[in-house]
Amino acid sequence: MPSSPGGLEVPLWRSIAVFRFASLAYVGLLVLRDAHRYAHPLAAGGVLLAMLAWTGATAAGYARPAGRRWPLLLADLGVVLAIMLATPWVVGHAALAAGVPTLTVAWLAGPVLTWAVSGGRRRGGIAALALGGVDLATRERISQSSLTGVILLLLAGVVVGHVARLAVTAEQRLQRAVELEAASRERERLARDIHDSVLQVLALVQRRGAHLDGEAGELARLAGEQETALRALIGGADTAPAEEGADRDLRDLLDRYASATVEVAAPATPVPLPARLADELAAAVGAALDNVARHAGGRAWVLIEDEGETVTVSVRDEGPGIPEGRLAEAAAQGRLGVAQSIRGRVADLGGEVRIVSAPGAGTEIELSVPRSGR
């Protein structure tokens with residue numbers, strides 16, 4: 001789980017720094033209290049200074065996002081392990097057997113917390129097991145309190161790691177929500193501008209030229225079609241993008257193609273598909289409608305059929321049809337609209353395309369894809 005450069009993780013790193021200094025102060029009090037029982041009391045003072053220096057170094061290192069990486073994490077664990085291994089010599093086996101605390105006491109939890117925040121539950125648990133195992137190995141006898149300390153250390157690593165993961169996830173979702181809100185506001189602004197300018201002009205052209213003949217009448221008809229398509233696009237502009245891994249309703253994606261010349265028929269209930277599958281299928285339908293507008297003209301019908309395991313979309317027109325061999329000839333000439341934009345997309349989804357056409361009888365393109373995709 002990568003660390004984010006800021007946001008909700010920052011208070012966790014600051015809290016760890018505060019904990020390490022506070023636990024070091026507790027260690028200092030114990031050293032002052034029990035120094036006369038140590039085998040090497042002067043060495044204990046040196047170890048305490050080393051612990052203070054390392055606590056300051058880790059506080060400064062982890063304060064920067066670039067420092068929260070493996071070199072410092074491994075060094076942190078290694079330094080604490082070295083101090084724990086030196087404890088039997090500094091304190092003395094007799095003192096440890098008599099119940100004198102180790103030099104690290106609660107300070108040893110520092111690396112566990114840093115590993116947990118930087119890598120989640122698993123990494124925190126690994127650090128806790130490593131430190132807990134060495135702590136038990138350096139003791140003359142393993143008591144119930146010693147085992148309890150190791151268990152608490154393990155729980156701290158797992159729980160803090162879980163909280164850190166939740167913090168990162170919450171930050172990512174918050175950032176996505178802010179981005180979606182900003183995008184929604186921009187779409188609303190553009191929709192208002194388009195409504196106040198482009199749509200009004202298109203509507204005016206359509207009304208003024210509806211009764212004219214020839215090219216002027218054709219331009220008026222095209223203006224009306226574009227007005228309808230643009231209004232449909234604006235009407236669907238407030239649909240928020242689906243989250244990664246979420247389903248999308250195929251009806252919403254295909255409704256945007258509805259216009260004065262394209263009629264979309266869909267089931268009354270949603271047709272949910274994985275986001276990538278829905279987007280690719282909608283793009284293939286758009287390519288089919290482009291072919292209709294370019295080669296057939298006239299009206300087109302789009303039918304959505306939800307068949308459970310598969311979803312089928314049919315695009316039918318009333319054009320002149322496709323002469324036999326025309327698609328193969330177009331592909332040979334490098335015009336790959338049907339081959340790539342339609343057949344290629346559907347094939348990548350694990351589906352198939354069936355084209356039924358006859359001269360003078362129009363064309364029907366049937367796109368069938370499995371609901372799970374490929």
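Just so you know, these numbers use all the heavy atoms, side chains as well, and skip hydrogens, waters and symmetry mates.
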Asks: Side-chain heavy atoms under 4.5 angstrom apart, residues restricted to Ile, Leu, Val, Met, Phe, Trp, Tyr: same cluster for Leu129 and Val160?
Replies: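 In one cluster: no.
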Asks: Do Ser146 and Ser143 meet the criterion of a side-chain donor-acceptor pair at a distance under 3.5 Å?
Replies: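 Yes - a donor-acceptor pair under 3.5 Å links their side chains.
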Asks: Between Asp249 (side chain only) and Val271 (backbone N and O only), is there a donor and an acceptor less than 3.5 Å apart?
Replies: yes
Asks: Looking at Arg299 and Asp317, would you say the former's side chain and the latter's main chain have a donor-acceptor pair under 3.5 Å?
Replies: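 No, because the side chain of Arg299 does not come within donor-acceptor range (under 3.5 Å) of the backbone of Asp317.
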Asks: Under 3.5 Å, sequence neighbours excluded: what are the donor-acceptor pairs made by side chains of residues 78-105?
Replies:
from   : atom 1 : to     : atom 2 : distance (Å)
Thr87  : OG1    : Ile83  : O      : 3.0
Thr87  : OG1    : Met84  : O      : 3.4
His93  : ND1    : Glu140 : OE2    : 2.3
Thr102 : OG1    : Val105 : N      : 3.4

Asks: CG/Leu367 to CD1/Ile304 distance, rounded to the nearest 0.5 angstrom?
Replies: 11.5 Å
Asks: If you draw a 6.0 Å radius around CD in Glu352, do more than 12 non-hydrogen atoms from other residues or ligands fall strictly inside?
Replies: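 Counting neighbours around CD of Glu352, 12 or fewer heavy atoms of other residues, nucleotides or ligands fall under 6.0 Å, so no.
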Asks: Would you tell me whether Arg123 and Ser118 have side-chain atoms, one donor and one acceptor, within less than 3.5 Å of each other?
Replies: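 Arg123 vs Ser118: donor-acceptor pair found between side chains.
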Asks: Starting at CG of Leu131, measure out to CD1 of Ile126 and round the result to the nearest 0.5 Å.
Replies: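 That separation rounds to 12.0 Å.
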Asks: Is a donor from one side chain sitting under 3.5 angstrom from an acceptor on the other, for Ser314 and Trp301?
Replies: no
Asks: Kindly write out the residues that satisfy side-chain hydrogen bond (donor to acceptor under 3.5 Å, both in side chains) with Ser368, not counting sequence neighbours, or none if the list is empty.
Replies: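 Scan of Ser368 (side-chain hydrogen bond (donor to acceptor under 3.5 Å, both in side chains), adjacent residues dropped) gives Thr312.
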Asks: Distance-only, no hydrogens or angles: does the Arg251 side chain make a donor-acceptor pair with backbone N or O of Pro267 under 3.5 Å?
Replies: yes
Asks: Could you walk me through whether Trp54 and Trp107 pass ring-ring contact (aromatic ring centres under 6.0 Å, His included), step by step?
Replies: CA-CA 11 Å; Trp54 185 248; Trp107 188 77; 8.5 Å; no
Asks: Donor-acceptor pair, Arg345 side chain versus Ala284 backbone, under 3.5 Å?
Replies: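 Not a single qualifying donor-acceptor pair exists.
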Asks: Report yes or no: does Arg122 contribute a side-chain atom to a donor-acceptor pair with the main-chain N or O of Gly161 at less than 3.5 Å?
Replies: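 No; zero donor-acceptor contacts below 3.5 Å.
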Asks: Would you kindly say whether Thr310 and Glu307 are connected by a side-chain donor-acceptor distance under 3.5 Å?
Replies: yes
Asks: So, taking the atom named CG in Leu113 and the one named CZ in Phe19, what distance separates them when rounded to the nearest 0.5 Å?
Replies: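 Result: 5.5 Å between the selected atoms.
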Asks: Atom CG of Asp306 and atom CG of Leu273: how far apart are they, to the nearest 0.5 Å?
Replies: 7.5 Å
Asks: Is Tyr257 reaching over with its side chain to a backbone N or O of Glu263, donor-acceptor style, under 3.5 angstrom?
Replies: no
Asks: If you round to the nearest 0.5 Å, how far is CZ of Arg176 from CD of Glu181?
Replies: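 Nearest 0.5 Å value for the CD-CZ distance: 13.5 Å.
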Asks: Rounded to the nearest 0.5 Å, what separation is found between the OG1 atom of Thr114 and the CG atom of Asp76?
Replies: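 Rounded to the nearest 0.5 Å, the OG1-CG separation comes to 4.5 Å.
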